[in-house]
Amino acid sequence: MISAHVKKIHKIFLATLTLISFMGISHADEVISPIPKISDEWRFSVSPYGWLPQVNTTVSPGGAGSKNADISMNNVLSNLKSGVMIAGEAHYGKWGVLADFASATLQKSGGFNFKGDPMYKVGDKSTLQASLLNFMGTYNVFNNQDAYVDALLGVRWVSLTTTFDLALAANPAYHLGASSATPATYGVVGVNSRYRIMDSNWYIPLYADIGTGGGPNHGTWQASSGVGVSVSKMVDLSLTYRAIGFDIKSGNNDSTLLKGLFHGPQVMATFNF
């Protein structure tokens with residue numbers, strides 16, 4: 001049985017697809033090129049977006065065995081406490097900079113009876129704080145009326161912080177908590193591009209990068225693609241599928257390996273200036 005949260009997700013993305021289709025049809029008589037023009041003037045864009053990924057992680061402690069933890073899109077939505085997601089670009093001629101920041105806090109509360117005794121009911125609360133920052137320098141390597149391709153060079157910072165709290169329901173003064181932070185920084189190279197569809201105001205966005213934090217089992221990658229439309233000279237809308245993978249070495253002598261994969265649909269509105 002599909003839960004109410006999943007139905008809400010479907011409604012959101014169906015509404016987005018309908019809006020993008022309507023925008024494309026309403027501007028059919030006014031064909032606006034979705035390909036940016038290169039000139040010796042500054043141009044800027046700001047892109048707030050919503051990304052709803054499924055989270056897959058594997059922790060290997062350096063010895064035998066590993067532990068998997070997966071969070072579905074449905075659980076991400078139902079346990080989301082706060083979040084912010086925004087990207088931006090600035091260009092002058094062929095050179096530019098790109099920044100992308102996303103942060104979300106997931107929190108789940110529950111409880112259990114210690115040794116099955118209801119007199120000792122214990123409340124538990126677990127929190128996951130996930131943050132991502134991409135900062136890239138860009139250089140245009142190809143541009144015509146049908147395609148725009150930027151080469152990227154920069155850094156990615158990823159941070160995962162987990163917190164777990166236990167408290168005795170009858171007396172919250174009896175409290176136990178633990179927190180663990182796992183940050184990593186990578187050098188990254190990649191490509192950011194868009195391709196016009198049949199001389200229309202529709203386009204295919206395509207992004208890919210790969211990077212390393214130094215040494216084996218300490219790398220990252222990202223890829224996304226989908227469909228977009230320029231609804232005016234100042235506004236673009238896009239619906240894509242985005243995935244980010246990373247490996248983080250941590251612990252004593254980098255003995256612990258955390259492998260993560262975030263992947264899911266993303267809706268973005270881009271405002272051009």
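Along the sequence shown, residues are numbered consecutively beginning with 1.
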Got F273 and M234 here, is their nearest side-chain heavy-atom distance under 4.5 Å? yes
How close do W157 and S131 get, heavy atom to heavy atom, and via which atoms? CZ3-CB, 3.8 Å
So which heavy atom on I248 is nearest to which on A184, and how close? CG1-CB, 3.7 Å
When rounded to the nearest 0.5 angstrom, what is the spacing between CG in D247 and CH2 in W221? 11.0 Å
Calculate, to the nearest 0.5 Å, the distance between atoms CD1 and OG belonging to I32 and S200 respectively. 11.0 Å
dist N144:CG -> R196:CZ (nearest 0.5 Å) comes out at 10.0 Å
Evaluation steps, side-chain contact (heavy atoms from CB on, under 4.5 Å), between L153 and Y139: CA-CA 9 Å; L153 176 64; Y139 182 78; over 6 Å; no
Shared hydrophobic cluster for V229 and V235 (ILVMFWY, side-chain gaps under 4.5 Å): yes
Should L206 and V149 be counted in the same cluster of Ile, Leu, Val, Met, Phe, Trp and Tyr side chains packed under 4.5 Å apart? yes
Same cluster or not: are V191 and V141 linked, directly or through other Ile, Leu, Val, Met, Phe, Trp or Tyr residues, by side-chain heavy atoms under 4.5 angstrom apart? yes
Using every non-hydrogen atom in the two residues, find where S47 and T270 come nearest and quote the distance to one decimal. OG-OG1, 2.9 Å
In terms of hydrophobic clusters joined by side-chain contacts under 4.5 Å, are I204 and W202 together? yes
Nearest 0.5 Å, please: how far is CD1 in I244 from CZ in F262? 8.5 Å
Is it true that F44 and H91 have ring centroids separated by less than 6.0 Å? no
Between I86 and Y49 the two heavy atoms that sit nearest each other are N-CE2, 3.6 Å
Point-to-point distance, once rounded to the nearest 0.5 Å, from OG1 of T58 to CG of L258: 8.5 Å
Mind listing the closest non-hydrogen atom pair of G245 and T220 along with its distance? O-OG1, 2.8 Å
Given V189 and I210, is the side-chain contact (heavy atoms from CB on, under 4.5 Å) satisfied, shown in steps? CA-CA 6 Å; V189 296; I210 190 169; 4.2 Å; yes
Take F246 and H218, measure what ring pair (Phe, Tyr, Trp, His ring centres under 6.0 Å) needs, and give me the verdict at the end. CA-CA 7 Å; F246 54 87; H218 197 175; over 10 Å; no
Evaluate the criterion side-chain contact (heavy atoms from CB on, under 4.5 Å) for residue pair L237 and V231; output intermediate values, then yes/no. CA-CA 7 Å; L237 296 176; V231 299; 4.3 Å; yes
Interatomic distance, OG@S39 vs OH@Y92, rounded to 0.5 Å, equals 8.0 Å
Would you please test N134 and V188 for side-chain contact (heavy atoms from CB on, under 4.5 Å) and show each step? CA-CA 9 Å; N134 294 315; V188 175; 5.8 Å; no
Any link between W95 and W42 through a network of hydrophobic side chains (Ile, Leu, Val, Met, Phe, Trp, Tyr) touching at under 4.5 Å? no
Please report the closest heavy-atom contact between L160 and A130, naming both atoms and the distance. CD2-CB, 3.6 Å
Would R194 and Y203 count as a cation-pi pair here, with the cationic atom under 6.0 angstrom from the ring centre and within 45° of the axis? yes
Under a 3.5 Å cutoff, is there a donor and acceptor pairing between the side chains of Q129 and S103? yes
Within the structure provided, determine whether Y186 and T212 are in side-chain contact (heavy-atom separation under 4.5 Å). no
Can you tell if the side chain of V155 reaches within under 4.5 Å of the side chain of M136, non-hydrogen atoms only? no
Do we see a donor-acceptor contact under 3.5 Å between the side chains of D236 and S230? yes
Centre of W51's six-membered ring, under 6.0 Å away, within 45 degrees of the axis: is that where NZ or CZ of R242 sits? yes
Is the closest side-chain heavy-atom distance between L132 and R156 below 4.5 Å? yes
Tell me the salt bridge (Lys or Arg N to Asp or Glu O under 4.0 Å) pairs involving residues 33-48, sequence neighbours left out? none
Donor-acceptor contact below 3.5 Å, side chain S238 vs main chain V227: no
Residues forming a side-chain contact (heavy atoms from CB on, under 4.5 Å) with N143, sequence neighbours excluded: I35, I38, N140, Y148
